[in-house]
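Below, chains carry the letters A, B, ... as their sequence lines are ordered, and counting in each starts from 1.
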There are 2 protein chains.
Amino acid sequence: MREAQPMSPAGRRIVAAAEELFYDRGITAVGVDLIAEHSGVTKRTLYNQFGSKDRLVATYLDERDQRWRSLVLAAVDACDGPVESVTAPFDALRTWSENNTRGCAFINALAELADPSHPAYRIAANQKLWLLNLFEELATTAGCGNPALLATQLLTLHEGALATQPLSLDTLSAGLDLARALVRADRPDPLRA
Amino acid sequence: MREAQPMSPAGRRIVAAAEELFYDRGITAVGVDLIAEHSGVTKRTLYNQFGSKDRLVATYLDERDQRWRSLVLAAVDACDGPVESVTAPFDALRTWSENNTRGCAFINALAELADPSHPAYRIAANQKLWLLNLFEELATTAGCGNPALLATQLLTLHEGALATQPLSLDTLSAGLDLARALVRADRPDPLRA
DNA sequence: GAAGGAGTTCACAGATCAGTATACCGAGGA
DNA sequence: TCCTCGGTATACTGATCTGTGAACTCCTTC
């Protein structure tokens, strides 16, 4: 999905404005005129750079995906051992949630873009699959007994905490505690680990 | 939220069409003209009945909430014992998902309607709180040790399974299995229960 | 038979939507 | 010197959006 040549300064400003506006107000509700205005750019420039609103939406989601993956991988690297790192994506979610309180941008995008052929569909699905695979790899490295099942359970908890975020229940703490317990329980000799 | 007088036949048709269109294509993307056309009704009638699109959206969510709560309560009643009934909402979710494959209508609505003063906000939040309280009541009746924590965990699993539904991973089975294990583990003398 | 309400028909307002056309500007490179 | 390239400025198209006005047709009820 990464485009060959890097974006121009104007292009970067456009994507930055699009990220903020699309996430806060919804994709359909935000017009290209508003994005052009917020990024201090002409609508003509916007169309010269991205060609259509749909392609700008795809770029917005892609950019967001990259940022989020970097955050998750950094959280994994910051962990002390392989067992702790299995639940590291939950730590990343806590950091992420400080500045993103309107739920999951990809789930939200899927809610608005009904057409499965829209590029957003693939991006959103890939994002969740990437996390699922990461959970499974981390669980395998940590010596868990059933990495595939554990990964699906962890993903469900993660997405549940993320989806209920706008409602201000503390599902993230509950999800993280439960996730840690699951990882411990799935390890051989959990009492000695 | 229930209005005093029951809806007219035309009003019911409008809400039925709105439910289908809003859920499938998104709220902002569906115009009132389309809803009027699909319900075989004039736009004038739609506005005579509901006054504005926002109020029709609120009625749509409210109607859906009622239907869903009935389904959940029926699933609870259909259970054999108090222990099984704690996870009954997951059974209801399986039935519900057969005809609703685009995720949670309330989370989706929140994604589109940024304004917290919109009635949809309250409806969506209340729906999740109702389920949280139901989980807690059921857990208390089943004699669980920490009903409040268990309820938050079950809600997180439930919402995770619901949110990831459009992605066609089988998170519902994983969530249900884990939910059952949690309920068993939180009961006194789990081996004899 | 009169009254009233639910619904229809159709035209319309005013705003906003995505996207295009045309002409212009300034800097960097061959 | 010329020429391309990224970007500006502005006006525009045609469609679609929510919402309103006014007159009309039924059907029920009193």
Side-chain angles (χ1 to χ4, degrees), chain A residues 3-61 108-109 111-115 117-120, chain B residues 3-61 108-109 111-115 117-120:
Chain A
E3 42 266 87
Q5 68 245 13
M7 245 176 277
S8 75
R12 277 190 294 271
R13 287 210 312 276
I14 293 169
V15 175
E19 280 209 51
E20 198 178 327
L21 291 168
F22 281 153
Y23 182 67
D24 280 347
R25 310 191 195 178
I27 293 173
T28 318
V30 168
V32 289
D33 296 84
L34 189 64
I35 294 174
E37 184 189 330
H38 272 241
S39 48
V41 146
T42 318
K43 194 161 56 158
R44 201 78 198 80
T45 300
L46 191 153
Y47 275 93
N48 283 342
Q49 293 275 338
F50 299 99
S52 71
K53 183 183 179 179
D54 274 349
R55 281 188 47 198
L56 176 57
V57 170
T59 308
Y60 144 65
L61 290 174
N108 291 358
E112 293 202 63
L113 311 170
D115 182 9
S117 68
H118 196 287
Chain B
E3 41 265 87
Q5 67 245 10
M7 245 176 278
S8 75
R12 277 190 294 272
R13 287 212 310 277
I14 294 169
V15 174
E19 280 209 52
E20 198 178 328
L21 291 168
F22 281 155
Y23 182 68
D24 280 347
R25 310 191 195 178
I27 293 172
T28 317
V30 169
V32 289
D33 296 83
L34 188 64
I35 294 173
E37 185 189 328
H38 272 240
S39 48
V41 146
T42 318
K43 192 164 56 160
R44 202 74 194 81
T45 300
L46 190 153
Y47 274 95
N48 284 342
Q49 293 273 341
F50 299 99
S52 73
K53 182 182 179 180
D54 273 350
R55 282 188 47 199
L56 177 58
V57 170
T59 307
Y60 145 64
L61 290 173
N108 291 358
E112 294 202 62
L113 310 170
D115 182 9
S117 68
H118 195 287

In whole Å, I'd like the distance from the CZ atom of B:Arg55 to the P atom of D:dT18. 16 Å
No-hydrogen, no-angle side-chain donor-acceptor test under 3.5 Å, B:Asp115 and B:Ser117: yes
Establish whether the base of C:dG7 is bridged to the side chain of B:Arg44 by a donor-acceptor pair shorter than 3.5 Å. no
Starting at CG of B:Asp33 and ending at P of C:dC10, how long is that distance when rounded to a whole Å? 15 Å
Whole-Å distance, B:Phe22 CZ to D:dT18 C1', equals 12 Å
Any donor-acceptor pair under 3.5 Å joining the side chain of A:Lys43 to the base of C:dG19? yes
Counting any heavy atom closer than 4.0 Å, what does A:Gly40 reach on the DNA or RNA strands: base, sugar-phosphate only, or nothing? sugar-phosphate
What are the two closest non-hydrogen atoms of A:Lys53 and A:Val30, and how far apart are they? NZ-O, 2.9 Å
Residues in salt bridge (Lys or Arg N to Asp or Glu O under 4.0 Å) contact with B:Glu19, at least two apart in sequence or another chain: B:Arg64, B:Arg67
What integer distance in Å separates A:Phe50:CZ from C:dG19:C1'? 16 Å
Just by distance, do the side chain of B:Arg12 and the backbone of B:Met7 share a donor-acceptor pair under 3.5 Å? yes
Roughly how many Å is it from OH in A:Tyr47 to P in D:dT8, rounded to a whole number? 16 Å
Figure out the CD/P separation between A:Glu37 and C:dC17, and round it to whole Å. 11 Å
Quick one: is D:dT8 close enough that its OP1 or OP2 comes under 4.0 Å of any side-chain N or O from A:Thr42? yes
Could you state the atom-to-atom distance from CG of B:Asp54 to C1' of D:dC17 in whole Å? 13 Å
Are the side chains of A:Ile14 and A:Thr59 in contact, using a 4.5 Å heavy-atom criterion? no
Within the pair A:Ser8 and D:dG7, is there a side-chain N or O less than 4.0 Å away from OP1 or OP2? yes
With a cut-off of 3.5 Å and sequence neighbours excluded, list every side-chain donor-acceptor pair involving residues 34-45 of chain A.
residue, atom, partner, partner atom, Å
A:Ser39, OG, A:Ile35, O, 2.7
A:Ser39, OG, A:Ala36, O, 3.3
A:Lys43, NZ, A:Asp33, OD2, 3.3

Of residues 23-31 of chain A, the positions that come close to DNA chain C - non-hydrogen atoms, cut-off under 4.0 Å: A:Val30, A:Gly31
What is the distance, to the nearest angstrom, from the CD atom on A:Gln49 to the P atom on D:dC5? 14 Å
A:Tyr47 side chain reached by A:Val32 side chain, heavy atoms, under 4.5 Å: yes
